[in-house]
Amino acid sequence: MNTEILVLYFARSAEITGLRSEHISVPQVLTSLQLWEELVRRHPRLCVLREQVILAVRQEYVVLGNQPVILQSGDEVAVIPPLSGG
Amino acid sequence: MNTEILVLYFARSAEITGLRSEHISVPQVLTSLQLWEELVRRHPRLCVLREQVILAVRQEYVVLGNQPVILQSGDEVAVIPPLSGG
Amino acid sequence: MNGTNRGPQDLIKLTHDKLSADAVSDAVLCPSCGAVSMFIGTTRNSFEGKKVIQLEYEAYVSMAESELKKIFKSIREKWSTVQHICVHHRLGVVPVSEASVIIGISSPHRTESLEAVQYCINALKSTVPIWKKEIYEMDVKTNSGILQTCAEVCR
Amino acid sequence: MNGTNRGPQDLIKLTHDKLSADAVSDAVLCPSCGAVSMFIGTTRNSFEGKKVIQLEYEAYVSMAESELKKIFKSIREKWSTVQHICVHHRLGVVPVSEASVIIGISSPHRTESLEAVQYCINALKSTVPIWKKEIYEMDVKTNSGILQTCAEVCR
């Protein structure tokens with residue numbers, strides 16, 4: 001079953017997609033890597049970030065891998081390129 | 001032979017002697033301990049500082065002991081109670 | 001504010017305004033503390049040999065605040081006598097030489113706040129979702145005398 | 001001042017005026033530096049369980065300046081990338097919660113200035129001829145309701 005989530009793009013991922021945020025529909029249960037691949041399917045140029053990027057799901061960091069992600073309607077997922085604050 | 005030096009008193013030593021500075025005549029060559037004892041002879045209550053105090057001769061620290069001190073006319077000697085700046 | 005003893009304060013501000021060292025030091029001052037340690041991150045005029053004109057910062061604001069609170073919590077676990085902790089981070093354009101971040105931490109004695117500030121800036125840089133983008137001046141000679149700018153994402 | 005690259009500056013001020021964190025951070029800012037680390041020593045409201053009303057500082061001024069210069073020299077030997085070093089120390093009466101000393105050090109990267117500030121305040125406390133005297137509030141009950149002050153030399 002699918003659910004609608006809000007995806008936030010920051011830094012280089014925002015430049016690549018040309019978006020700050022978008023609502024998308026994804027499976028309720030998937031791995032963090034599958035979630036990333038879903039984003040790359042929509043924005044193929046995101047693939048250049050593959051080695052550097054992590055996600056934040058409901059404001060908690062999640063590395064790309066086999067870790068299961070369980071999503072509910074309205075959940076916030078963010079694309080997190082390498083940090084450079086301070 | 002004696003020479004005239006300027007002695008500066010700081011912190012507790014200034015309170016004890018009631019002086020900020022004074023000119024005194026002392027031998028040109030003596031040990032740092034003898035120099036201290038010369039000051040105590042003039043201001044006996046300084047003796048309470050014996051275990052804590054050091055001197056500064058021409059603005060360089062000198063501990064009390066057998067170290068020889070060679071003084072010239074006008075030299076500045078300071079009584080340095082434990083530091084507490086900062 | 002400084003006349004009374006408040007409980008330990010966690011103070012966070014993400015702002016487009018210019019930062020002030022006095023504002024941060026005033027925010028963490030307390031009558032029972034003898035020490036305030038601070039770190040100020042400023043915009044450098046060069047990065048990897050290229051001339052930087054200005055920096056631009058963006059943040060995932062709500063998560064940045066929650067990550068900062070996690071850092072503050074772990075500071076209080078490591079240095080229990082730390083009193084107030086304040087982080088001001090600037091967003092948007094920051095010209096060269098101006099502060100992008102100011103951290104201030106107070107403690108009764110100096111060692112705790114000195115160590116905690118060092119920990120705080122290292123943790124901030126590695127875990128708080130904030131990004132800077134350097135705006136470079138291109139080499140004039142290779143561009144027909146026209147000054148151009150080029151935006152790149154900083155690692 | 002901040003628009004140009006000066007050579008490394010050693011800045012010392014012993015003053016009876018109120019100190020300012022902004023003044024010190026401005027003094028050490030430089031366009032090629034990304035970091036300013038600061039330490040602010042403030043007057044605590046208690047010492048050894050007694051209530052402190054204010055502190056009074058005195059200095060052997062000329063020697064304090066020469067000892068500070070020795071510290072700056074050894075900082076530059078230990079951390080060669082340190083850019084500007086500034087120490088402002090207040091003299092005379094300093095009310096509770098106000099700054100008695102502010103140290104600011106700039107460097108291209110943060111580690112050097114963070115470590116150098118820690119070294120600087122420790123060295124200052126152990127080698128610079130400055131003394132503080134705490135002015136205490138006596139216990140009212142044991143003094144027939146009359147508030148008295150008692151000057152003692154702080155260790």
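Lettering follows sequence order; numbering is per chain, from 1.
- Counting heavy-atom pairs under 4.5 Å between each of Asn122(D), Ile102(D), Val117(D) and chain C puts Asn122(D) at the top.
- Looking at Gln118(D) and Arg110(C), their side chains never come closer than 4.5 Å, going by heavy atoms from C-beta outward.
- The candidate from Ala23(C), Cys33(C), Pro108(C) with the greatest count of non-hydrogen atom pairs under 4.5 Å with chain D is Cys33(C).
- If you measure heavy-atom distances from Ser20(C) to chain D, the contacts under 4.5 Å come from both the backbone and the side chain.
- Judged by distance alone, with hydrogens and angles left aside, the side-chain atoms of Ser46(C) form no donor-acceptor pair with the main-chain N or O of Ser32(D) at under 3.5 Å.
- When each of Ser25(C), Ala21(C), Gly34(C) is checked for heavy-atom pairs under 4.5 Å with chain D, Gly34(C) comes out on top.
- Enclosure of atom NZ in Lys73(D) is not indicated, since only 12 or fewer non-hydrogen atoms of other residues, nucleotides or ligands lie within 6.0 angstrom.
- When every heavy atom of Val96(D) is checked against every heavy atom of Pro31(C), the shortest pair comes out as CG1-CB, 3.9 Å.
- A distance of 8.0 Å separates SG in Cys30(D) from CG in Asn45(C), rounded to the nearest 0.5 Å.
- Between the CG atom of Asp22(C) and the CG atom of Asp26(D) there is a distance of 9.0 Å, given to the nearest 0.5 Å.
- Looking at Leu114(C) and Ile121(D), their side chains come closer than 4.5 Å, going by heavy atoms from C-beta outward.
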